[in-house]
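Take a look at the structure below.
Predicted model, so just to flag it, every value in this text is computed and none were measured.
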Amino acid sequence: MCKPSTVCAMYLLDYALPQVAKLSKCLQAEKIDLTAVAPLVDATLNTLDDATLPAANWVLELLDAKDDLEAATDNKITTESITSFQERVAKPFITKLKANISSRFDAQDIVSSFSIFDPQKVPAPDSSDLLHYGEDSVEILLGHYGDACRYH
């Protein structure tokens, strides 16, 4: 537990896991706005990208705590060991984590298109927007579900 790589891993996970948890909690909300899914996923992926930067928040926090950590663990935590950890572990981990998240949301347009069924999003009956409401979304859904939506 006292090795510099373990300490780096804890700081990285302390940064990355709350980002993923925040996305997860938003997606599990009782009243989720489906049009917000794509921007939410994109924001999470961009935030995770920050973890691979040399001046990532978790790196800065680790550097701030470095003296106390070294005293507590009797191990030297050098800038070189942090940089090496970022290259060997953090970047591949973040890349795989982002790929895992992205693969779950390949069809973000499809998820967002289901928002046409939200009664609160339907324009007022006297609105000119009602005439073409949901056409784009229906086209996306038809394109995805294809023949499953058509009667033979």
- [ ] Taking salt bridge (charged side-chain N to carboxylate O under 4.0 Å, His left out) as the test, write out the residues that go with D49, two or more places apart.
- [x] K98
Task: Residue list, side-chain contact (heavy atoms from CB on, under 4.5 Å) with D14, at least two apart or on another chain - done: E61
TODO: Hey, could you give me each pair passing side chain to side chain donor-acceptor pair (under 3.5 Å) that has a residue in residues 128-137? Not counting sequence neighbours.
DONE: H132-E135
Task: Nearest-0.5 Å distance, CG of residue L69 to CG of residue D74 - done: 12.0 Å
Task: Flag side-chain contact, heavy atom, 4.5 Å: N75 against E70 - done: no
Open item on the list: If I take atom OG1 from residue T44 and atom NZ from residue K22, how far apart are they, to the nearest 0.5 angstrom?
Closed with: 7.5 Å
TODO: For A43, check side-chain contact (heavy atoms from CB on, under 4.5 Å) against everything at least two apart and list the hits.
DONE: none
Task: Non-hydrogen atoms of Q86 and P92 that approach each other most closely - done: O-CD, 4.3 Å
TODO: Dump the intermediate steps for side-chain contact (heavy atoms from CB on, under 4.5 Å) on T47 and Y15, then the final yes or no.
DONE: CA-CA 10 Å; T47 301; Y15 174 80; 3.3 Å; yes
Open item on the list: Taking side-chain contact (heavy atoms from CB on, under 4.5 Å) as the definition, give me every residue that meets it alongside T83, ordered by chain and number, with sequence neighbours left out.
Closed with: T79
Open item on the list: Within this structure, what is the CG-CG distance for the pair L53 and L60, rounded to the nearest 0.5 Å?
Closed with: 10.0 Å
TODO: Applying side-chain hydrogen bond (donor to acceptor under 3.5 Å, both in side chains), name anything that partners K121, two or more places apart in sequence or on another chain.
DONE: D33
Task: side chain to side chain contact (heavy atoms under 4.5 Å, CB included) partner of I94, chosen from L12, V89, D50 - done: L12
TODO: Output, in order, the C-alpha distance, side-chain angles, deciding distance and verdict of side-chain contact (heavy atoms from CB on, under 4.5 Å) for F85 and L62.
DONE: CA-CA 12 Å; F85 178 85; L62 176 57; over 6 Å; no
Task: side-chain contact (heavy atoms from CB on, under 4.5 Å) involving L13 - partner list, sequence neighbours excluded - done: L17, F93
Task: CD1 on I82 to OG on S5, rounded to 0.5 Å - done: 12.0 Å
Open item on the list: Evaluate S102 against L45 for side-chain contact (heavy atoms from CB on, under 4.5 Å), listing each step before the verdict.
Closed with: CA-CA 8 Å; S102 295; L45 296 176; 3.4 Å; yes
- [ ] Kindly compute the distance separating OG1 (T52) from CH2 (W58), expressed to the nearest 0.5 Å.
- [x] 10.0 Å
Open item on the list: Please report the interatomic distance CG(L27) to CG(L40), rounded to the nearest 0.5 Å.
Closed with: 6.0 Å
TODO: Check whether any side-chain N or O of N100 sits under 3.5 Å from a backbone N or O of K96 as a donor-acceptor pair, and report yes or no.
DONE: no
- [ ] Using salt bridge (charged side-chain N to carboxylate O under 4.0 Å, His left out) as the criterion, list what pairs up with K91, not counting sequence neighbours.
- [x] E87
Open item on the list: Has S81 got a side-chain atom pairing as donor or acceptor with I77's backbone, closer than 3.5 angstrom?
Closed with: no
Task: Partners passing side-chain hydrogen bond (donor to acceptor under 3.5 Å, both in side chains) against S24 (at least two apart in sequence or in another chain) - done: Q28
